[in-house]
Amino acid sequence: MSAAEVKNLPQNLPSGASDMAHIVLTFDNNKLASALYGQFDENLARLEQKLGVDIRSRGNQLTIKGSASAAEQARRALDNLYGILQKGADIGQSDVDGAVRMALAADDQLTLPTLERKGKVSAAQISTRKKTIYARSLNQDAYMRALERSELVFGIGPAGTGKTFLAVAHAAMLLERGMVERIVLSRPAVEAGERLGFLPGDMKEKVDPYLRPLYDALYEMMPADKVERAIAAEVIEIAPLAFMRGRTLAHSAVILDEAQNTTPMQMKMFLTRLGENSRMIVTGDPTQIDLPQNTKSGLVEALRILDGVTGMVTVRFNEGDVVRHPLVAEIVKAYDRDGKLARGLGAES
(Lines give C-alpha, C1' and ligand atoms only; values in the text may rest on other atoms or scores of the structure.)
Protein backbone atom coordinates (compact mmCIF):
# COMPACT_ATOMS: atom_id res chain seq x y z
CA MET A 1 0.00 0.00 0.00
CA SER A 2 1.18 3.53 -0.66
CA ALA A 3 0.35 4.75 2.85
CA ALA A 4 1.32 1.82 5.00
CA GLU A 5 2.16 -1.84 4.73
CA VAL A 6 0.99 -4.48 7.17
CA LYS A 7 4.03 -6.67 7.78
CA ASN A 8 2.61 -9.04 10.38
CA LEU A 9 -0.81 -9.92 11.75
CA PRO A 10 -1.53 -12.24 14.72
CA GLN A 11 1.51 -14.50 15.00
CA ASN A 12 3.20 -16.94 17.44
CA LEU A 13 1.52 -15.95 20.69
CA PRO A 14 1.59 -17.58 24.11
CA SER A 15 -1.28 -19.80 25.19
CA GLY A 16 -4.29 -17.73 26.30
CA ALA A 17 -3.28 -14.78 24.17
CA SER A 18 -4.99 -15.87 20.94
CA ASP A 19 -6.91 -12.59 20.81
CA MET A 20 -3.71 -10.54 20.78
CA ALA A 21 -2.28 -9.04 17.59
CA HIS A 22 1.03 -7.63 16.47
CA ILE A 23 0.85 -5.27 13.46
CA VAL A 24 3.79 -3.50 11.83
CA LEU A 25 3.15 -0.48 9.56
CA THR A 26 5.77 1.01 7.28
CA PHE A 27 5.17 4.50 5.85
CA ASP A 28 6.71 5.64 2.59
CA ASN A 29 7.31 9.30 3.54
CA ASN A 30 9.41 10.12 6.62
CA LYS A 31 8.16 13.72 6.81
CA LEU A 32 4.52 12.66 6.76
CA ALA A 33 5.24 9.88 9.23
CA SER A 34 6.67 12.44 11.64
CA ALA A 35 3.56 14.60 11.26
CA LEU A 36 1.42 11.50 11.82
CA TYR A 37 3.16 10.73 15.10
CA GLY A 38 2.81 14.31 16.34
CA GLN A 39 5.14 16.32 18.54
CA PHE A 40 6.74 13.99 21.08
CA ASP A 41 4.51 11.21 19.60
CA GLU A 42 1.43 12.87 21.12
CA ASN A 43 -0.89 11.53 18.41
CA LEU A 44 0.29 7.99 19.02
CA ALA A 45 -0.18 8.46 22.75
CA ARG A 46 -3.74 9.61 22.15
CA LEU A 47 -4.46 6.54 20.04
CA GLU A 48 -3.03 4.33 22.78
CA GLN A 49 -5.26 6.00 25.35
CA LYS A 50 -8.41 5.83 23.21
CA LEU A 51 -7.99 2.25 21.95
CA GLY A 52 -6.02 0.53 24.69
CA VAL A 53 -3.12 -0.53 22.47
CA ASP A 54 0.64 -0.18 22.65
CA ILE A 55 2.26 1.70 19.73
CA ARG A 56 6.03 1.96 19.30
CA SER A 57 7.72 4.09 16.63
CA ARG A 58 11.08 3.52 15.00
CA GLY A 59 11.76 5.83 12.09
CA ASN A 60 9.04 5.39 9.49
CA GLN A 61 7.87 2.13 11.07
CA LEU A 62 5.21 1.59 13.73
CA THR A 63 4.51 -1.51 15.78
CA ILE A 64 0.99 -1.90 17.20
CA LYS A 65 0.28 -4.46 19.92
CA GLY A 66 -3.04 -5.17 21.58
CA SER A 67 -6.22 -7.14 21.17
CA ALA A 68 -6.93 -8.13 17.57
CA SER A 69 -9.91 -5.77 17.29
CA ALA A 70 -8.17 -2.81 18.96
CA ALA A 71 -4.98 -3.24 16.91
CA GLU A 72 -7.01 -3.32 13.70
CA GLN A 73 -8.90 -0.19 14.80
CA ALA A 74 -5.59 1.57 15.45
CA ARG A 75 -4.38 0.52 11.99
CA ARG A 76 -7.53 1.94 10.40
CA ALA A 77 -7.19 5.20 12.32
CA LEU A 78 -3.53 5.60 11.36
CA ASP A 79 -4.30 4.81 7.73
CA ASN A 80 -7.08 7.43 7.76
CA LEU A 81 -4.81 10.09 9.30
CA TYR A 82 -1.93 9.33 6.94
CA GLY A 83 -4.31 9.69 3.99
CA ILE A 84 -5.28 13.17 5.22
CA LEU A 85 -1.60 14.14 5.46
CA GLN A 86 -0.95 12.83 1.95
CA LYS A 87 -3.57 15.27 0.66
CA GLY A 88 -1.63 18.19 2.12
CA ALA A 89 -3.75 18.85 5.21
CA ASP A 90 -2.55 19.08 8.80
CA ILE A 91 -3.89 16.96 11.64
CA GLY A 92 -4.48 17.71 15.31
CA GLN A 93 -6.03 16.06 18.33
CA SER A 94 -9.57 16.54 17.02
CA ASP A 95 -8.57 14.75 13.81
CA VAL A 96 -7.11 11.88 15.84
CA ASP A 97 -10.34 11.62 17.83
CA GLY A 98 -12.32 11.67 14.60
CA ALA A 99 -10.16 8.93 13.08
CA VAL A 100 -10.76 6.81 16.19
CA ARG A 101 -14.52 7.30 15.92
CA MET A 102 -14.44 6.33 12.24
CA ALA A 103 -12.26 3.30 12.96
CA LEU A 104 -14.61 2.12 15.70
CA ALA A 105 -17.55 2.56 13.33
CA ALA A 106 -15.90 0.70 10.46
CA ASP A 107 -17.51 -2.63 11.35
CA ASP A 108 -20.92 -0.93 11.18
CA GLN A 109 -20.10 0.21 7.63
CA LEU A 110 -19.65 -3.27 6.19
CA THR A 111 -23.04 -3.03 4.47
CA LEU A 112 -22.38 0.48 3.13
CA PRO A 113 -20.47 1.52 -0.02
CA THR A 114 -18.12 3.61 2.15
CA LEU A 115 -15.96 0.61 3.05
CA GLU A 116 -13.10 0.03 0.64
CA ARG A 117 -11.09 -3.17 0.21
CA LYS A 118 -8.76 -4.36 2.97
CA GLY A 119 -10.86 -2.65 5.64
CA LYS A 120 -9.85 0.86 4.67
CA VAL A 121 -12.58 3.30 5.69
CA SER A 122 -13.07 6.18 3.25
CA ALA A 123 -14.42 9.13 5.23
CA ALA A 124 -16.67 11.55 3.39
CA GLN A 125 -15.11 14.93 2.70
CA ILE A 126 -16.01 18.48 1.68
CA SER A 127 -13.34 20.39 -0.23
CA THR A 128 -13.15 24.13 -0.84
CA ARG A 129 -10.21 26.21 -2.00
CA LYS A 130 -9.38 27.16 1.57
CA LYS A 131 -9.61 23.77 3.30
CA THR A 132 -10.87 20.20 3.21
CA ILE A 133 -13.15 18.86 5.91
CA TYR A 134 -13.24 15.13 6.69
CA ALA A 135 -16.00 13.28 8.52
CA ARG A 136 -15.06 12.67 12.15
CA SER A 137 -17.89 10.33 13.09
CA LEU A 138 -20.21 7.86 11.39
CA ASN A 139 -23.14 10.30 11.64
CA GLN A 140 -21.04 13.10 10.17
CA ASP A 141 -20.14 10.72 7.35
CA ALA A 142 -23.83 9.94 6.74
CA TYR A 143 -24.71 13.66 6.91
CA MET A 144 -22.04 14.68 4.39
CA ARG A 145 -23.10 11.94 1.98
CA ALA A 146 -26.76 12.95 2.39
CA LEU A 147 -25.81 16.54 1.52
CA GLU A 148 -24.26 15.27 -1.71
CA ARG A 149 -27.29 13.24 -2.76
CA SER A 150 -30.43 14.91 -1.41
CA GLU A 151 -32.21 18.18 -2.10
CA LEU A 152 -33.61 18.48 1.44
CA VAL A 153 -31.57 17.39 4.47
CA PHE A 154 -32.38 17.79 8.16
CA GLY A 155 -29.39 17.70 10.55
CA ILE A 156 -30.69 17.17 14.08
CA GLY A 157 -28.66 16.98 17.29
CA PRO A 158 -26.78 18.71 20.11
CA ALA A 159 -24.29 21.55 19.97
CA GLY A 160 -20.78 20.80 18.75
CA THR A 161 -21.65 18.01 16.32
CA GLY A 162 -20.84 20.05 13.20
CA LYS A 163 -24.39 20.35 11.83
CA THR A 164 -24.18 24.00 10.81
CA PHE A 165 -20.46 24.06 10.02
CA LEU A 166 -20.73 21.15 7.59
CA ALA A 167 -23.86 22.60 6.00
CA VAL A 168 -22.11 25.92 5.33
CA ALA A 169 -18.99 24.12 4.09
CA HIS A 170 -21.09 22.10 1.64
CA ALA A 171 -22.85 25.26 0.43
CA ALA A 172 -19.49 26.99 -0.10
CA MET A 173 -18.26 24.00 -2.10
CA LEU A 174 -21.38 24.05 -4.31
CA LEU A 175 -20.89 27.77 -4.95
CA GLU A 176 -17.21 27.38 -5.85
CA ARG A 177 -18.02 24.56 -8.27
CA GLY A 178 -20.75 26.58 -9.97
CA MET A 179 -23.43 24.08 -8.94
CA VAL A 180 -25.47 26.89 -7.36
CA GLU A 181 -25.51 30.62 -8.05
CA ARG A 182 -25.80 31.82 -4.46
CA ILE A 183 -25.94 30.86 -0.82
CA VAL A 184 -28.81 31.90 1.44
CA LEU A 185 -28.24 31.50 5.19
CA SER A 186 -31.02 32.15 7.66
CA ARG A 187 -31.84 31.94 11.33
CA PRO A 188 -34.91 32.86 13.38
CA ALA A 189 -34.10 35.89 15.57
CA VAL A 190 -36.17 34.49 18.41
CA GLU A 191 -34.24 36.14 21.20
CA ALA A 192 -34.95 39.58 19.76
CA GLY A 193 -38.68 39.12 19.31
CA GLU A 194 -40.52 42.42 19.17
CA ARG A 195 -37.58 44.11 20.89
CA LEU A 196 -35.66 44.06 17.62
CA GLY A 197 -36.81 47.58 16.75
CA PHE A 198 -35.38 48.97 19.97
CA LEU A 199 -31.84 47.79 19.22
CA PRO A 200 -29.46 50.51 17.91
CA GLY A 201 -28.36 50.66 14.27
CA ASP A 202 -29.87 49.77 10.92
CA MET A 203 -31.55 46.42 10.21
CA LYS A 204 -28.27 44.66 9.35
CA GLU A 205 -26.70 45.81 12.63
CA LYS A 206 -29.80 44.69 14.53
CA VAL A 207 -29.81 41.12 13.21
CA ASP A 208 -26.08 40.45 12.75
CA PRO A 209 -25.55 39.24 16.35
CA TYR A 210 -28.07 36.45 15.76
CA LEU A 211 -26.40 35.43 12.49
CA ARG A 212 -22.78 35.60 13.67
CA PRO A 213 -22.29 31.78 13.81
CA LEU A 214 -23.12 31.61 10.10
CA TYR A 215 -20.53 34.29 9.32
CA ASP A 216 -17.95 32.41 11.38
CA ALA A 217 -18.54 29.19 9.43
CA LEU A 218 -18.25 31.05 6.12
CA TYR A 219 -14.92 32.61 7.06
CA GLU A 220 -13.61 29.14 7.91
CA MET A 221 -14.33 27.93 4.38
CA MET A 222 -13.64 31.00 2.23
CA PRO A 223 -11.12 33.87 2.30
CA ALA A 224 -12.51 36.86 4.21
CA ASP A 225 -12.23 39.26 1.26
CA LYS A 226 -14.09 36.83 -0.99
CA VAL A 227 -16.86 36.46 1.59
CA GLU A 228 -17.23 40.26 1.87
CA ARG A 229 -17.37 40.68 -1.92
CA ALA A 230 -19.92 37.88 -2.24
CA ILE A 231 -22.11 39.43 0.47
CA ALA A 232 -21.87 42.86 -1.18
CA ALA A 233 -22.87 41.33 -4.53
CA GLU A 234 -25.69 39.37 -2.83
CA VAL A 235 -24.15 36.10 -4.00
CA ILE A 236 -24.15 35.22 -0.30
CA GLU A 237 -27.18 36.41 1.64
CA ILE A 238 -27.41 36.14 5.41
CA ALA A 239 -30.82 37.15 6.69
CA PRO A 240 -33.30 36.47 9.48
CA LEU A 241 -36.06 34.00 8.69
CA ALA A 242 -38.73 36.73 8.43
CA PHE A 243 -37.01 38.00 5.26
CA MET A 244 -37.73 34.73 3.45
CA ARG A 245 -41.48 35.22 3.15
CA GLY A 246 -42.85 35.57 -0.38
CA ARG A 247 -39.68 34.45 -2.13
CA THR A 248 -38.76 31.48 -4.34
CA LEU A 249 -35.12 30.50 -3.94
CA ALA A 250 -33.91 28.94 -7.18
CA HIS A 251 -30.35 27.84 -8.07
CA SER A 252 -29.39 28.32 -4.41
CA ALA A 253 -27.96 26.50 -1.42
CA VAL A 254 -30.36 27.46 1.37
CA ILE A 255 -29.61 26.79 5.05
CA LEU A 256 -31.91 27.32 8.02
CA ASP A 257 -30.01 27.18 11.31
CA GLU A 258 -31.47 26.94 14.85
CA ALA A 259 -34.65 25.62 13.25
CA GLN A 260 -36.02 24.46 16.61
CA ASN A 261 -36.90 28.12 17.23
CA THR A 262 -39.28 28.38 14.29
CA THR A 263 -43.05 28.14 14.62
CA PRO A 264 -44.89 25.56 12.47
CA MET A 265 -46.08 28.32 10.11
CA GLN A 266 -42.55 29.74 9.77
CA MET A 267 -41.15 26.29 9.02
CA LYS A 268 -43.80 25.61 6.37
CA MET A 269 -43.08 29.02 4.85
CA PHE A 270 -39.36 28.30 4.71
CA LEU A 271 -39.63 24.79 3.26
CA THR A 272 -41.93 25.99 0.49
CA ARG A 273 -39.29 28.49 -0.67
CA LEU A 274 -37.36 25.63 -2.31
CA GLY A 275 -36.95 26.43 -6.00
CA GLU A 276 -35.52 24.87 -9.12
CA ASN A 277 -32.00 23.42 -8.87
CA SER A 278 -31.71 24.31 -5.19
CA ARG A 279 -30.54 22.47 -2.10
CA MET A 280 -32.06 23.08 1.32
CA ILE A 281 -30.46 22.16 4.67
CA VAL A 282 -32.26 22.53 8.01
CA THR A 283 -30.31 22.23 11.25
CA GLY A 284 -31.44 22.37 14.86
CA ASP A 285 -31.55 20.84 18.32
CA PRO A 286 -35.06 20.01 19.61
CA THR A 287 -33.74 20.02 23.19
CA GLN A 288 -32.79 23.72 22.96
CA ILE A 289 -36.11 25.39 22.11
CA ASP A 290 -36.28 29.09 23.09
CA LEU A 291 -39.84 29.72 21.92
CA PRO A 292 -42.45 31.11 24.34
CA GLN A 293 -44.09 28.52 26.56
CA ASN A 294 -46.85 26.47 24.89
CA THR A 295 -45.58 27.41 21.39
CA LYS A 296 -44.94 24.39 19.19
CA SER A 297 -41.56 24.06 17.48
CA GLY A 298 -41.73 24.11 13.69
CA LEU A 299 -38.77 21.73 13.55
CA VAL A 300 -40.44 19.11 15.74
CA GLU A 301 -43.66 19.40 13.74
CA ALA A 302 -41.85 19.17 10.40
CA LEU A 303 -39.98 16.01 11.43
CA ARG A 304 -43.32 14.42 12.33
CA ILE A 305 -45.28 15.60 9.28
CA LEU A 306 -42.57 14.94 6.69
CA ASP A 307 -41.51 11.55 7.98
CA GLY A 308 -41.33 9.23 4.97
CA VAL A 309 -41.48 11.98 2.34
CA THR A 310 -39.44 10.92 -0.69
CA GLY A 311 -36.37 13.09 -1.29
CA MET A 312 -35.96 14.22 2.31
CA VAL A 313 -33.19 12.78 4.51
CA THR A 314 -32.90 13.23 8.28
CA VAL A 315 -29.57 12.60 10.02
CA ARG A 316 -29.65 12.51 13.81
CA PHE A 317 -26.50 13.29 15.79
CA ASN A 318 -25.84 12.43 19.44
CA GLU A 319 -23.30 13.32 22.11
CA GLY A 320 -20.88 10.79 20.60
CA ASP A 321 -20.60 13.04 17.54
CA VAL A 322 -19.49 16.15 19.45
CA VAL A 323 -16.27 17.34 17.81
CA ARG A 324 -15.53 20.40 19.94
CA HIS A 325 -13.51 20.27 23.16
CA PRO A 326 -13.97 16.83 24.81
CA LEU A 327 -15.55 18.58 27.80
CA VAL A 328 -18.43 19.70 25.57
CA ALA A 329 -19.43 16.06 25.03
CA GLU A 330 -19.44 15.50 28.78
CA ILE A 331 -21.56 18.64 29.31
CA VAL A 332 -24.07 17.44 26.70
CA LYS A 333 -24.25 14.02 28.39
CA ALA A 334 -24.77 15.59 31.84
CA TYR A 335 -27.62 17.80 30.64
CA ASP A 336 -29.18 14.89 28.77
CA ARG A 337 -29.09 12.74 31.92
CA ASP A 338 -30.59 15.55 33.97
CA GLY A 339 -33.36 16.07 31.40
CA LYS A 340 -34.24 12.36 31.38
CA LEU A 341 -34.30 12.33 35.19
CA ALA A 342 -36.56 15.37 35.31
CA ARG A 343 -38.96 13.82 32.81
CA GLY A 344 -39.00 10.59 34.81
CA LEU A 345 -39.77 12.42 38.06
CA GLY A 346 -42.45 14.42 36.32
CA ALA A 347 -44.12 11.27 35.06
CA GLU A 348 -44.25 9.81 38.55
CA SER A 349 -45.64 12.90 40.28
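Pairing each heavy atom of S297 with each of Q260, the nearest pair is OG-O, 2.9 Å. Between E72 and I23 the shortest heavy-atom distance is N-CD1, 4.1 Å. In this structure, V300 and P286 approach most closely via the heavy-atom pair CG2-CB, 4.1 Å. Among all heavy-atom pairs drawn from V53 and A70, the shortest one is CG1-CB, 3.5 Å. Of all non-hydrogen atoms in L32 and N29, the two that sit nearest each other are N-OD1, 3.0 Å. Across every non-hydrogen atom of A172 and M221, the tightest pair is CB-CB, 4.1 Å.
Scanning for salt bridge (Lys or Arg N to Asp or Glu O under 4.0 Å) contacts around K131 gives E220, with sequence neighbours left out. Residues that satisfy the salt bridge (Lys or Arg N to Asp or Glu O under 4.0 Å) test with D285, not counting sequence neighbours, are absent from this structure. The side chain to side chain donor-acceptor pair (under 3.5 Å) check on T128 picks up nothing, with sequence neighbours excluded. For S57, the side chain to side chain donor-acceptor pair (under 3.5 Å) partners at least two apart in sequence or on another chain are D41. By the salt bridge (Lys or Arg N to Asp or Glu O under 4.0 Å) test, R136 pairs with D95, sequence neighbours left out. By the side chain to side chain donor-acceptor pair (under 3.5 Å) test, E228 is found to be paired with Y219, residues two or more places apart in sequence or in another chain being considered. For Y134, there are no ring-ring contact (aromatic ring centres under 6.0 Å, His included) partners, not counting sequence neighbours. Listed by chain and residue number, nothing satisfies the side chain to side chain donor-acceptor pair (under 3.5 Å) test with Y335 (two or more places apart in sequence, or in another chain). The salt bridge (Lys or Arg N to Asp or Glu O under 4.0 Å) test applied to R129 returns no partner, not counting sequence neighbours.
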Check: Hey, mind stepping through V282 and I255 against side chain to side chain contact (heavy atoms under 4.5 Å, CB included) and telling me if it holds?
Finding: CA-CA 6 Å; V282 179; I255 299 172; over 6 Å; no
Item checked: From CA spacing to verdict: side chain to side chain contact (heavy atoms under 4.5 Å, CB included), R316, N139 -> CA-CA 7 Å; R316 297 182 182 273; N139 285 328; over 6 Å; no
Notebook entry, point to check: Going through the checks in order, is the side chain to side chain contact (heavy atoms under 4.5 Å, CB included) test met by V254 and I183?
Noted result: CA-CA 6 Å; V254 190; I183 297 173; over 6 Å; no
Next item on the list: With side chain to side chain contact (heavy atoms under 4.5 Å, CB included) as the test, would you mind laying out the steps for M280 and L271 before giving the verdict?
Entry: CA-CA 8 Å; M280 185 170 280; L271 293 175; 3.8 Å; yes
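With hydrogens and angles left out, the side-chain atoms of S137 and D321 include a donor and acceptor closer than 3.5 Å.
Residues in residues 240-249 take part in these salt bridge (Lys or Arg N to Asp or Glu O under 4.0 Å) pairs, two or more places apart or across chains: E237-R247. Residue pairs satisfying the salt bridge (Lys or Arg N to Asp or Glu O under 4.0 Å) criterion with at least one member in residues 249-274, sequence neighbours excluded, are listed as follows: R187-D257, R187-E258. Within the structure, no pair that satisfies the ring pair (Phe, Tyr, Trp, His ring centres under 6.0 Å) test touches residues 31-58, not counting sequence neighbours.
The closest donor-acceptor contact from the side chain of S150 to the backbone of V153 lies at 3.5 Å or more, if one exists at all. At least one donor-acceptor pair under 3.5 Å links the side chain of T295 to the backbone N or O of P292. Judged by distance alone, the side chain of H251 and the main-chain N or O of V180 form no donor-acceptor pair under 3.5 Å. Listed for the Q125 side chain is no donor-acceptor partner under 3.5 Å among the backbone atoms of I133. Counting only distance, with no hydrogens or angles, the side chain of T314 and the backbone of F154 share no donor-acceptor pair below 3.5 Å. When atom types are taken as modelled, the side chain of R76 and the backbone of M102 share no donor-acceptor pair closer than 3.5 angstrom. A distance-only check finds a donor-acceptor pair linking the side chain of N43 to the backbone of L36 [under 3.5 Å].
Using a 4.5 Å cut-off on side-chain heavy atoms (C-beta onward), V235 and L175 make contact. At a threshold of 4.5 Å between non-hydrogen side-chain atoms, the residues L78 and L44 count as touching. In this structure, D28 and N60 have side chains that are not in contact, with every pair of non-hydrogen atoms separated by 4.5 Å or more. Looking at heavy atoms from C-beta onward, V315 lies in side-chain contact with V313 at the 4.5 angstrom threshold. Between L166 and T164, every side-chain heavy-atom pair lies at or beyond the 4.5 Å cut-off. Side-chain atoms of L25 and I64, non-hydrogen and from C-beta on, do get closer than 4.5 Å to each other. Side-chain contact check for T263 versus K296: every heavy-atom pair is 4.5 Å or farther apart. Using a 4.5 Å cut-off on side-chain heavy atoms (C-beta onward), D54 and E48 make contact.
Following chains of ILVMFWY side-chain contacts shorter than 4.5 Å, one can reach M269 starting from V309, so the two form part of one hydrophobic cluster. With hydrophobic clusters built from ILVMFWY side chains whose heavy atoms lie under 4.5 angstrom apart, M144 shares a cluster with M179. Cluster membership check: I156 shares its hydrophobic cluster with I305, using side-chain heavy-atom separations under 4.5 Å among Ile, Leu, Val, Met, Phe, Trp and Tyr. Each of M265 and L303 belongs to its own hydrophobic cluster when Ile, Leu, Val, Met, Phe, Trp and Tyr are linked at side-chain heavy-atom distances under 4.5 angstrom.
Using cut-offs of 30° and 60° on the angle between ring planes, the pair F317 and Y143 is perpendicular.
Note: L291 CG to Q266 CD = 8.0 Å, rounded to the nearest 0.5 Å. With rounding to the nearest 0.5 Å, the separation of CG in L104 from CG in L138 is 10.5 Å. Here the CG atom belonging to L185 is positioned 10.5 Å from the CG atom belonging to L256, to the nearest 0.5 angstrom.
No more than 12 heavy-atom neighbours from other residues, nucleotides or ligands sit within 6.0 angstrom of NZ on K65.
Of the options E181, E276, R182, a side-chain hydrogen bond (donor to acceptor under 3.5 Å, both in side chains) to S252 is made by R182 and by none of the others.
Between E42 and R46 no salt bridge is recorded (no basic side-chain N to carboxylate O distance below 4.0 Å). Between R145 and D141, at least one side-chain N (NZ, or NE/NH1/NH2) sits under 4.0 Å from a carboxylate O, which counts as a salt bridge. Using a 4.0 Å cut-off between a side-chain N of Lys or Arg and a carboxylate O of Asp or Glu, R229 and D225 qualify as a salt bridge.
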